[in-house]
Amino acid sequence: MRIRTYLEEKLKNKFFKNFLTLLTGSVIGQLIVFLSIPILTRLFSEEAFGIFALFSSTVLLLKTLATLNFELAIILPKRDKDAINIFIFNILLIFLFSVFLLLTVFLFKNNLASLLNIEQLASFIYLIPLSIFLMGNISALEYWNNRNNTFKNITTGTISKSATMSVFQLFTGISSFKSIGLVPGMIAGQFFNFILLIKLSLKSVISLKNHISIKRMLYLISKYRDIPLFNTVLTFTNNLSNELPVILISNYFGF
């Protein structure tokens with residue numbers, strides 16, 4: 001009875017309830033991926049998993065440069081009309097970086113792959129800008145929902161991404177499209193998560209559209225300039241240290 005009473009009191013606590021909502025989404029999302037792994041390992045080769053890991057590491061590193069960690073500033077302003085300007089700036093920043101990267105890849109595909117030691121991704125290199133665009137926008141939308149305390153939207157997106165990715169990869173593995181590997185499944189999961197978060201967040205964004213202004217945006221960029229100046233370097237270095245083993249293994253041993 002005491003445990004039941006304790007849990008009921010905790011569930012009434014807003015912070016605990018929000019934490020539990022996010023935790024549930026993360027656990028379910030990871031569980032879906034975990035349960036699909038035993039089947040995927042029988043459907044795809046080690047090379048396919050190696051390319052998938054290298055693709056994920058490359059996207060994660062470049063995503064930091066695409067956003068400059070400015071999504072962190074979305075939750076900082078006291079007024080929503082300031083937050084919407086930072087949010088829109090994030091979207092523009094990610095879009096411009098993705099377009100720039102796509103043009104760079106188009107013009108210098110082979111040289112870029114050789115420079116970054118990602119020759120194994122030659123078949124998927126054009127998907128890197130798309131994945132960065134989706135991942136960056138998902139991050140911005142999650143911070144926007146975090147600010148608005150709509151944590152169920154984040155949880156729904158997380159679960160949908162894992163479910164879509166796993167189902168797409170399993171379908172690919174048992175179909176005649178097995179040769180395309182695991183990367184398209186990741187893109188499908190990100191795309192579904194992106195579309196779902198847009199649908200769930202659109203109303204709150206549109207309600208503040210009249211407050212969007214270039215002048216205010218530039219002021220807020222200057223006000224929160226410490227975030228890209230310091231956090232970007234720290235985040236990129238941290239991600240690089242985590243993803244470096246994957247990059248080195250692919251470089252020296254191949255797939």
Side-chain angles (χ1 to χ4, degrees), residues 14-15 17-33 36 55-56 59-60 62-77 80-99 101-102 127-169 183-212 217 220 227 235 239:
K14 188 175 181 180
F15 173 80
K17 188 176 180 180
N18 292 335
F19 169 77
L20 189 63
T21 300
L22 291 174
L23 180 64
T24 301
S26 179
V27 170
I28 294 176
Q30 292 296 327
L31 185 62
I32 292 172
V33 174
S36 69
F55 183 90
S56 301
V59 170
L60 183 61
L62 292 177
K63 179 257 180 184
T64 304
L65 301 179
T67 63
L68 299 178
N69 275 352
F70 233 104
E71 68 269 26
L72 299 175
I74 293 175
I75 60 176
L76 298 180
D80 289 340
K81 63 181 183 180
D82 286 337
I84 189 63
N85 279 283
I86 297 176
F87 173 75
I88 296 300
F89 172 71
N90 268 271
I91 303 300
L92 293 173
L93 187 64
I94 296 163
F95 174 76
L96 292 174
F97 183 89
S98 300
V99 170
L101 185 60
L102 181 61
L127 293 178
I128 291 177
L130 175 59
S131 184
I132 291 171
F133 174 79
L134 293 172
M135 185 180 287
N137 279 285
I138 288 170
S139 180
L141 285 163
E142 286 179 341
Y143 273 92
W144 178 257
N145 281 278
N146 190 342
R147 176 183 177 83
N148 294 320
N149 294 319
T150 49
F151 297 99
K152 287 185 179 180
N153 293 349
I154 301 175
T155 296
T156 302
T158 301
I159 296 174
S160 68
K161 179 177 68 174
S162 298
T164 303
M165 180 179 72
S166 297
V167 170
F168 195 95
Q169 290 174 338
V183 172
M186 174 183 171
I187 300 295
Q190 291 176 337
F191 181 77
F192 194 82
N193 188 7
F194 173 60
I195 296 300
L196 187 61
L197 283 175
I198 286 179
K199 182 180 179 181
L200 295 173
S201 310
L202 193 59
K203 185 177 179 180
S204 61
V205 173
I206 291 179
S207 65
L208 295 165
K209 64 179 182 178
N210 293 330
H211 297 290
I212 299 173
M217 205 178 292
L220 292 166
I227 291 177
T235 303
N239 288 339

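Because the structure is predicted, anything quoted here is derived from the model rather than measured. Computation of the quantities below employed the complete heavy-atom set of this structure, encompassing side-chain atoms and omitting hydrogens, waters and symmetry-equivalent molecules.
Under the side chain to side chain contact (heavy atoms under 4.5 Å, CB included) criterion, Leu208 pairs with Asp80, Ile84, Trp144, His211, sequence neighbours left out. Phe151 meets the ring pair (Phe, Tyr, Trp, His ring centres under 6.0 Å) test with no other residue; sequence neighbours excluded. Shown here are the side chain to side chain contact (heavy atoms under 4.5 Å, CB included) partners of Ile159, two or more places apart in sequence or in another chain: Ile28, Ile32, Thr155.
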Step-by-step side-chain contact (heavy atoms from CB on, under 4.5 Å) determination, Asn90 to Tyr143: CA-CA 11 Å; Asn90 268 271; Tyr143 273 92; over 6 Å; no
Residues Asn145, Ser201; criterion side chain to side chain donor-acceptor pair (under 3.5 Å); working and verdict: CA-CA 7 Å; Asn145 281 278; Ser201 310; 2.8 Å; yes
Phe87 and Val205: CA distance, side-chain angles, deciding distance, side-chain contact (heavy atoms from CB on, under 4.5 Å) verdict: CA-CA 9 Å; Phe87 173 75; Val205 173; 4.0 Å; yes
Taking distance alone, no hydrogens or angles, what donor-acceptor pairs closer than 3.5 Å link side-chain atoms of residues 185-199 to residues at least two apart or in another chain?
| from | atom 1 | to | atom 2 | distance (Å) |
| --- | --- | --- | --- | --- |
| Gln190 | OE1 | Ser131 | OG | 2.9 |
| Gln190 | NE2 | Ser131 | OG | 3.3 |

Side-chain donor-acceptor contacts of residues 92-99 below 3.5 Å, not counting sequence neighbours, with atom names and distances?
| from | atom 1 | to | atom 2 | distance (Å) |
| --- | --- | --- | --- | --- |
| Ser98 | OG | Ile94 | O | 2.8 |

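Rounded to the nearest 0.5 angstrom, Ile212 CD1 and Ile88 CD1 are separated by 4.0 Å. Interatomic distance, Ile74 CD1 to Ile86 CD1, rounded to the nearest 0.5 Å: 7.5 Å. To the nearest 0.5 Å, the span separating OG on Ser26 from CD1 on Ile154 amounts to 11.5 Å. To the nearest 0.5 Å, the span separating CD1 on Ile132 from CG on Leu62 amounts to 4.0 Å. Rounding to the nearest 0.5 angstrom, the gap separating the OG1 atom in Thr64 from the CG atom in Asn69 is 6.0 Å. A distance of 11.0 Å separates OG1 of Thr164 from CD of Gln169, quoted to the nearest 0.5 Å.
Contact detail for Ser204 and Ser207: the closest heavy-atom pair is O-OG, 2.8 Å. Heavy-atom minimum distance, Arg147 versus Ala83: NE-CB, 3.3 Å.
Residues in residues 63-75 take part in these salt bridge (charged side-chain N to carboxylate O under 4.0 Å, His left out) pairs, two or more places apart or across chains: Lys63-Glu71.
Using a 4.5 Å heavy-atom threshold, the side chains of Thr158 and Glu142 count as touching.
Looking at Ser36, its side chain does come within 3.5 Å of a backbone N or O of Val33 through a donor-acceptor pair.
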